[in-house]
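Quick caveat: nothing in here was measured; it's all calculated off a predicted structure. All chains are named by letter (A, B, ...) in the order of the sequence lines, taking the proteins before the strands, and each is independently numbered beginning at 1.
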Amino acid sequence: MEIPKAYKPDERESGIYEIWEKSGYFDPEKLPPGHKEPFSILMPPPNANDPLHIGHAMFITIQDILIRYNRMRGKKTLWLPGADHAGFETQVVFERKLEEKGESRLDMKRDEFYDRVWNYTQENRKVVKSQIKKLGASCDWSKDTFTLDDKVIKTAYKTFKKMADEGLIYRGKRLINYCTNHQTAFSDLEVEYVETKTPLYYIKYGPFILATTRPETKFGDTAIAVHPEDRRYEKYVGKEIKIETLLGERMIKVIADEAVDRDFGTGAVKVTPAHSEADFEIWQRHKDEMPEPIEAIDKEGKMTSAAGPYEGMSAKKARNKVAADMKEKGLLQRVDEDYIHNLSVCYKCKKEIEPLLMEQWFIDIKPLAEPAADAVKNGDIKIIPDNYRKIYLHWLDNIKDWNISRQNWWGIPIPAWRCVDCSTEDNPHWIITEGDEPKKCDNCQSDNLKKDTDVFDTWFSSGQWPFATLISEKEPELKKYYPTSVMETGYDILFFWVIRMVMLSLYRTKEIPFKNVYLHGLVRDENKEKMSKSKGNVINPIEVSEEYGTDALRMSLTIGNMPGKDAVISENEIKGYRNYVNKIWNMFRFLMMRCNDYDPENNPSLTKEDENLLKEFTEKAKEITDHIDRFEFSHAAETLYHYSWHRFADEIIEESKEVLDDQNKKSGRQKVLITIFAGILKLAHPFIPFITEEIYQKLPLKDKKETIMIEEWPIN
RNA sequence: GGGCGGUUAGCUCAAUUGGCAGAGCAUCUCGCUUACAUCGAGAGGGUUGCAGGUUCGAGUCCUGCACCGCCCACCA
């Protein structure tokens, strides 16, 4: 048998993956009978709107290590793959594509748009699936789930209905974060803050001078607020004062509220409840003293009729115009041009978020937050690394109600109908179902019902992923994999996804969704910068996997990668691990050349030295196993790397060359070398599955299994 | 404003309960020796960010500071 000097991963990998798939062992139910205790992971479903990036390759590597390791330890392992329709994200991606073709969503019917995005995601799913396979993921494709599959949507509807019935869902006119560019509301998590230099205008309101960054909102002012203990303004509190606006004179109430900072500006603030979160809160505390909020800006970001002559003007334009006009009328005392404050912007387009008063569906989140905090406090859910415990608990401690309405087209429609006949402006009547269209109003029997046009925040449904995928009447056998063993995902979606899964799962199933949360970091380039297409520093996992082999890529994503910390990766590093994989190949090559007369059925006598070598291997195997059990994959892989190369190859093989020439000791040493090497392959298999399978198939072993995937782990 | 993480060899990172500061990559020298040059043998390279403190002993524990990064909140 001629063995080539260099291992060529690209020629072997796809064939090896086929062997695994054909074996059926990705499906836990098809594993040999010895596999009993369940071990499960849900793959965070990659967005079905783009090919995979290096971050996906990282989590696939980590999860596959866990799955392959536990499978070899005799667990009944389920790794459930999926794909995310990624509502708003995908809509943005798709609209950009439309734009490139000179098309627009607004030129088509909603259904048509939906169908086109649907097809687009289905095409992408195929690409993503083939890429996941390329990376060696041993996941159960028979259970591949899309976040718009019936069972997921039904689960989301059931939860929504249950929450509505239990009073945890309310529809309220509240101040929400609105992106006038994307024409949708967001939860607080989708808002980012950017430090910006903005002029601070000091405007005259009767006897008051008020500092504001947004003079155009003055048409929505319904009060002036001062601190209750501010002597300067004491005499005005509770009184109405006459102010000169650009629309003529009017009266406005002065109120006292603790939230006002005496030291900022002049210590007096204009209150605009329809366009500022803080002001909205002031209004809620002083409803009896203040008129209803006045909306001065609309959903397009344009001035309303409340702004008189400024109506129709964009808010930004109006800001300058209003300031200029006030200056002319002597209503502007001065302008501080160097004022720096945090501007809230849309996380996607970075354009200013417009706080608007809108009716939306909210979840009363506190009742869900407490059990979620308890689950971590009492140790039912363990977070790795554990410093994220605090972050997790702190977030839940300060949680605000969750706005789950989105004004997008791509997403799960909210199953709510408004009765046209028995609703009033102030008191609308809504009918919420588990998805079925109601025939009649449950209140007035009218059939004049109008469906809500909004869709759910994608995280509302993905927050139900664990039980949506594993708990259903149709597939009761999957229940045993719930709660899952590990939720492996990025720290950047701890709030978005992980915590919401905990809250919603506890709510619906009364059980935790997973026992461990392992948080990985971001992948950065060699200059520690975030990888992005625009910077041109991205490493395409598929390209490097084709060039250097998936095993090398996986190794470089494992070593030096600590939980909760960003990982640095470079092509150079991958090249280094390509060399390591090739080194293993050559260990195999050496063994084959020097053991051509080796018979695995023989039991030659071993020398003391032989015994010691075996003992040493067992110790190393123990060390590596302990590391994996503690989720220290980097250490595990590093220990393996070091032992296999610098101990086994550099020393043990070198020293064995002489021993193999000694006819008395030869067969014993052959046995030892092959035994240890087979052990190394098994230990290495979770990390570098392809080469280990390739060699395993060719190695002369007793009781060889169909694939190394179901080999027994070298130690117990 | 609140919180978290980091600062160790040129680079990326390790260092269990405090116990001789280690790897990989890079660099330099030598070697194409019959597994492998995608390799081997060897070498250089550190006042562990700064200042104190506890201790027989501190990279590790305590206090303060500096710088870098991140998260959360947000005052007009």
Distance, rounded to the nearest Å, where A:W585 contributes CH2 and B:A37 contributes C1': 19 Å

Between B:C74 and B:G5 - P atom distance, rounded Å: 23 Å

Nucleotide of B:C75, B:G6, B:G24 approaching A:Y641 most closely (side-chain heavy atoms): B:G24

Separation of the C1' atoms in B:C67 and B:G49, to the nearest angstrom: 8 Å

Distance, C1' atom - from B:C39 to B:U47, rounded to whole angstrom: 38 Å

Donor-acceptor pair under 3.5 Å, A:N342 side chain vs B:C74 base: yes

Check: A:K270/A:T272 side-chain N/O donor and acceptor closer than 3.5 Å: yes

Letter per nucleotide, 5' to 3', of nucleotides 31-36 of chain B [B base touched, S only sugar-phosphate touched, - untouched; heavy atoms, 4.0 Å]: ----BB

A:K287 charged N/C atom sitting above A:W283 aromatic ring, 6.0 Å / 45°: yes

Nearest to side-chain heavy atoms of A:E638, which nucleotide of B:A23, B:A73, B:C72: B:A23

Please tabulate, for side-chain N and O atoms in residues 555-571 of chain A, each donor-acceptor pair with protein atoms closer than 3.5 Å (sequence neighbours left out).
| residue | atom | partner | partner atom | Å |
| --- | --- | --- | --- | --- |
| A:S556 | OG | A:L553 | O | 2.8 |
| A:T558 | OG1 | A:R554 | O | 2.7 |
| A:N561 | ND2 | A:L557 | O | 2.9 |
| A:D566 | OD1 | A:Y491 | OH | 2.7 |
| A:D566 | OD1 | A:L522 | N | 2.9 |
| A:D566 | OD2 | A:Y491 | OH | 3.4 |
| A:D566 | OD2 | A:R524 | NE | 2.6 |
| A:D566 | OD2 | A:R524 | NH2 | 2.9 |
| A:S570 | OG | A:E573 | N | 3.2 |
| A:E571 | OE2 | A:Y548 | OH | 3.0 |

Closest listed nucleotide, where the reference is the side chain of A:Y339 and the choices are B:C75, B:C13, B:U38: B:C75

